[in-house]
> 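For reference, the structure I am asking about is given below.
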Amino acid sequence: MNSNSALILVDIQNDFCPGGSLAVKEGDRIVPAVNELQKRFALVVATKDWHPAGHSSFETLWPPHCVQETAGAEFVAALDTSRVARVFLKGTDLEIDSYSGFFDNEHLRATGLGDYLKERGVTDVVVVGLATDYCVKFTALDAVMLGFNTTVVADACRGVEVNEGDTRRAFAEMAAAGVHITESRQLLDARASES
Ligand code: VGL
Ligand code: ZN
């Protein structure tokens, strides 16, 4: 890892944590590791799932979640947001969902995250957040596609597991695409020995 790396916090929002409308089991448990990791990065950015009321995904796949300007769409209170340089909103189109922090699911529109990172000379990205088997996975896969050296920190993510094994399969799929999978302890130790 080097100074050209950025940490991407994916959808660490109330609705994806216990008590939220699309709760990810133990979703809140990632926050201490995420806060610790943030201290080691000169650049931290975040995404928010940010749906208009009546979003098309609420009629098919998901219960209503992360509706714009609601408490469920806010970052988890325990998350340190003081280091977040910029927040990228996704899922704002009524008809097209967006799992990746970079593009909508049809790759029609970019959120601006890719250009933002490239303009700042970022070559390496580290991805953490919720949920491993949806937004973390698609963010990491798009990061690889955009040419970033991409790492996902396994213990700083949790999966929603619509089907049992989805999280495990997501890690396998990411690894096969060239994503490095690591643990926060390993990354913190590596970055401590560099500085
Ligand atoms: C997500 C399902 C629907 C996520 C967002 O952040 O992983 N999953 N919307
Ligand atoms: Zn969503």
Side-chain angles (χ1 to χ4, degrees), residues 1 5-13 15-17 20 22-31 33-34 37 41 44-51 55-57 60-63 65-66 88-91 93 96-118 122-187 190:
M1 216 67 57
S5 63
L7 181 67
I8 304 175
L9 316 184
V10 176
D11 300 0
I12 309 180
Q13 293 164 271
D15 272 341
F16 296 124
C17 288
L22 181 38
V24 173
K25 194 178 165 208
E26 299 184 345
D28 55 330
R29 300 258 195 109
I30 69 169
V31 173
V34 171
L37 285 165
F41 286 80
V44 180
V45 296
T47 66
K48 266 186 175 176
D49 211 32
W50 194 250
H51 297 309
H55 189 254
S56 55
S57 77
T60 50
L61 281 170
W62 309 109
H65 64 279
C66 297
F88 293 86
L89 305 175
K90 61 188 192 56
D93 189 302
I96 308 176
D97 211 352
S98 183
Y99 294 145
S100 162
F102 291 97
F103 300 99
D104 63 69
N105 289 359
E106 293 179 18
H107 278 233
L108 295 176
R109 233 180 10 203
T111 60
L113 174 58
D115 286 344
Y116 179 91
L117 296 174
K118 294 216 161 153
V122 171
T123 54
D124 297 26
V125 299
V126 175
V127 183
V128 299
L130 307 170
T132 315
D133 38 2
Y134 285 89
C135 292
V136 168
K137 180 179 90 170
F138 286 101
T139 298
L141 294 177
D142 276 346
V144 170
M145 191 266 292
L146 289 170
F148 294 105
N149 181 30
T150 306
T151 300
V152 167
V153 186
D155 59 304
C157 302
R158 288 293 188 281
V160 61
E161 291 266 318
V162 171
N163 303 296
E164 203 191 319
D166 281 353
T167 303
R168 181 177 46 77
R169 282 187 290 273
F171 281 124
E173 199 178 324
M174 288 188 276
V179 176
H180 309 285
I181 311 292
T182 190
E183 300 287 330
S184 60
R185 192 68 266 161
Q186 202 177 329
L187 197 75

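Throughout, residue positions are numbered sequentially from 1 according to the sequence presented. What you see is a predicted model, and the numbers here were worked out from it, not measured in a lab.
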> Scan T111, D104, D11 and name whichever one has a side-chain hydrogen bond (donor to acceptor under 3.5 Å, both in side chains) with K90.
D11
> Would you call C17 and L130 a side-chain contact if the rule is heavy atoms closer than 4.5 Å?
yes
> How are the rings of H65 and F16 set relative to one another: parallel (under 30°), tilted (30 to 60°) or perpendicular (over 60°)?
tilted
> Does the pair V128 and V136 meet the rule for a side-chain contact (heavy atoms from CB on, under 4.5 Å), with working shown?
CA-CA 7 Å; V128 299; V136 168; over 6 Å; no
> Drop me the distance from R158's CZ to K25's NZ, to the nearest 0.5 angstrom.
9.5 Å
> What's the spacing between H51 NE2 and S56 OG if we round to 0.5 Å?
8.5 Å
> Assess whether a salt bridge exists between R169 and D166, defined as any Lys/Arg side-chain N lying under 4.0 Å from an Asp/Glu carboxylate O.
yes
> Just wondering, do I12 and V34 contact through their side chains at under 4.5 Å, heavy atoms?
yes
> Among V127, V126, I8, which residue meets the side chain to side chain contact (heavy atoms under 4.5 Å, CB included) test with T150?
V127
> Do the charged groups of E173 and K137 touch, with an N to O distance under 4.0 Å?
yes
> If you apply the rule side-chain contact (heavy atoms from CB on, under 4.5 Å), what do you find for V152 with C157, and how did you get there?
CA-CA 8 Å; V152 167; C157 302; 3.8 Å; yes
> Should V153 and Q186 be marked as a side-chain contact (heavy atoms from CB on, under 4.5 Å) after you check the CA-CA gap, both sets of side-chain angles, and the distance that decides it?
CA-CA 9 Å; V153 186; Q186 202 177 329; over 6 Å; no
